[in-house]
Number of protein chains: 2
Amino acid sequence: MFKDAAARAIPQRQASEETRRQILDTALALFRERGLDATTMRDIAAGAGLALGAAYYYFKGKEAIVGAYYAYVQEEHRVRARAAFEQAGTLRDRLRAALHTKIDIMKNDQKLLRALFRFGGDPDHPLSWFGPASREQRRLSVEVFEEAIAGEKLPDDVLEVAPLLLWTLHMGILLYFLYDNSPAYRRTRKLIDAAVDFVIDAKRVATLPLMRPVRRRVLNILRDAKLLGESESARA
Amino acid sequence: MFKDAAARAIPQRQASEETRRQILDTALALFRERGLDATTMRDIAAGAGLALGAAYYYFKGKEAIVGAYYAYVQEEHRVRARAAFEQAGTLRDRLRAALHTKIDIMKNDQKLLRALFRFGGDPDHPLSWFGPASREQRRLSVEVFEEAIAGEKLPDDVLEVAPLLLWTLHMGILLYFLYDNSPAYRRTRKLIDAAVDFVIDAKRVATLPLMRPVRRRVLNILRDAKLLGESESARA
DNA sequence: GTCTATAAAGGGATAGAC
DNA sequence: GTCTATCCCTTTATAGAC
């Protein structure tokens, strides 16, 4: 599972990396099989053929393993999306790729994600999806959408908010995915395609010069709500 | 806490209603004070001056009490929003009222709501925010926004999707509220006002005849995704 | 019957030997 | 780096007191 990203990130540095990956693989398999809570550190260590203490040497605890899963998903998304961006010419293709690759990565983890959902309600939890602890992960995630629209001729204010809005859409789609019980997650796939078409429509409308005041308003809302940092241009 | 809604819903029918309300009040106070998980049915019964068995007579368990809280919030929202709608003339005022009353009702329950958040990730849980079990509650919640825009001269397709979109906005604002640590939730209040202004802008744009194809697309997306039932007009 | 005290089990986490 | 041993907390089960 982690082979691709791990191999890319650390080119066979040491045997210890191999062990770490082994623990991650085992843990993820167990999470999928019996759920997050039902999986103990003992199970993970045993499954990886290690003593409990060894597992703790590599990860501070189960939480840290899940954190590594977050990091893996993010890194894998970045890599896969970039690869797709190099092929995909149109904005539509790029946005579809950004969203589909995310589901590709998570397609076996619906159960796990449902369990991880709960941390979203606790701002102080390290695994919260929206809390300060995951800010860096979030930034990287938004960055993928920044890259997806890079190269588009867009007004500055659109360039500033679009990545965050696309990230929000992507979170909404993940929520839909969480509830999707259609075979092979067809409905999620369809939703992605349809949502991207809508985004293309919305882009056309939103970029009209006439819409500048509306865009300003959105920008100000997000800034006031601290959902968007001050932009470079605003600071300049 | 439950005085207002309970009194309105059941005009002093019996002492048993009084007891039920007593349990709810006690439970809610304890949830707020020490959290959902830390509160046991024993604590609730004791706090309400009842034996454990008596508490179980009124509610099947802690979960059922939380369900009653959901119902209370919904009923209270309906009542308060309607009262405000009778005063408020403009669409802006009505939308603000619909959103602010919701926060008014929940302003003491941030901690509880953070704990309840976790059920959102489990489609099969009775307390899931998006699952089938809460469909009726959700319908009632959407209805408030339906009433908020009632009387507006709007194209049919807008009338059909707007309540759901406003409900979604309202869920987003609740998520923001969950994370809001500003005094008196000022930031959430500001966000509501700003978001409503944006909605007014969006309404102006979206209702242009030119936008009809885009509206159709949105309608079809929501229908395909089963987020919106077939409309009356579509069935006719 | 209901409550409470205590024991047993399970599992997260750490220390120190090798 | 990996092991064994151990700690400590939480949950669950049970048994005896009221």
Side-chain angles (χ1 to χ4, degrees), chain A residues 2-3 6-7 9-72 111-112 114-119 121-122 124-128 131 133-134, chain B residues 19-20 22-23 26-27 30-31 33-66 111-112 114-119 121-122 125 127:
Chain A
F2 287 90
K3 271 179 208 126
I10 298 104
Q12 285 104 317
R13 202 189 307 170
Q14 286 194 12
S16 81
E17 275 303 328
E18 178 65 20
T19 306
R20 191 186 149 89
R21 198 180 59 63
Q22 180 68 21
I23 296 173
L24 273 169
D25 279 350
T26 307
L28 197 46
L30 289 170
F31 291 159
R32 285 172 179 150
E33 186 188 322
R34 62 179 78 165
L36 181 66
D37 296 312
T39 303
T40 70
M41 283 296 283
R42 283 174 169 76
D43 296 333
I44 295 168
L50 292 168
L52 181 61
Y56 273 103
Y57 172 80
Y58 284 95
F59 294 99
K60 284 195 77 136
K62 210 158 69 173
E63 197 173 282
I65 296 182
V66 176
Y69 169 69
Y70 280 16
Y72 154 75
K111 185 174 174 181
L112 175 58
R114 285 175 177 179
L116 296 178
F117 182 91
R118 64 165 177 266
F119 300 120
D122 182 357
D124 299 322
H125 197 285
L127 297 178
S128 162
S134 56
Chain B
T19 305
R20 192 186 147 89
Q22 180 67 21
I23 295 172
T26 306
L30 288 170
F31 291 160
E33 187 188 321
R34 63 180 79 167
L36 180 64
D37 297 311
T39 303
T40 67
M41 281 297 282
R42 282 179 167 76
D43 297 332
I44 295 167
L50 294 166
L52 182 60
Y56 273 104
Y57 171 80
Y58 284 94
F59 294 97
K60 284 193 76 139
K62 214 159 69 172
E63 194 174 285
I65 297 183
V66 176
K111 185 175 173 179
L112 176 58
R114 285 175 178 180
L116 295 178
F117 181 92
R118 65 165 177 265
F119 301 121
D122 181 358
H125 197 284
L127 297 178

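Letters go in sequence order (proteins before strands), and every chain restarts at 1.
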Expressed in angstrom and rounded to an integer, what is the separation of A:Ile44 atom CD1 from D:dT2 atom P?
16 Å
Qualifying salt bridge (Lys or Arg N to Asp or Glu O under 4.0 Å) pairs with a residue from residues 41-68 of chain A, counting only residues at least two apart or across chains
A:Arg34-A:Asp43
Does anything in residues 46-59 of chain B pair up under salt bridge (Lys or Arg N to Asp or Glu O under 4.0 Å), and if so which pairs, sequence neighbours excluded?
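Non-adjacent pairs meeting salt bridge (Lys or Arg N to Asp or Glu O under 4.0 Å): zero.
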Nearest atoms (heavy-atom pairs only) where A:Ala45 meets A:Ala55
CB-CB, 4.0 Å
[X]: partners by side chain to side chain donor-acceptor pair (under 3.5 Å), with sequence neighbours left out:
X: B:Thr26; value: none
X: A:Asp124; value: none
X: A:Arg20; value: none

Residues which pass side-chain contact (heavy atoms from CB on, under 4.5 Å) with B:Tyr56, listed by chain and number, not counting sequence neighbours
B:Met41, B:Leu52
Sorted by chain and residue number, the side-chain contact (heavy atoms from CB on, under 4.5 Å) partners of B:Arg114 (sequence neighbours excluded) come out as A:Pro123, B:Gln110, B:Leu178
Between D:dT2 and A:Tyr57, is there an OP1 or OP2 to side-chain N/O distance shorter than 4.0 Å?
no
Can you list every stem that DNA chain D is part of, counting only runs of 3 or more consecutive Watson-Crick or G-U wobble pairs with both distances under 3.5 Å?
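Stems for DNA chain D, defined as runs of 3 or more consecutive pairs: C:1-18 with D:1-18.
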Heavy-atom protein contacts under 4.0 Å, nucleotides 4-18 of chain C, coded B base, S sugar-phosphate only, - none:
-------BBBB----
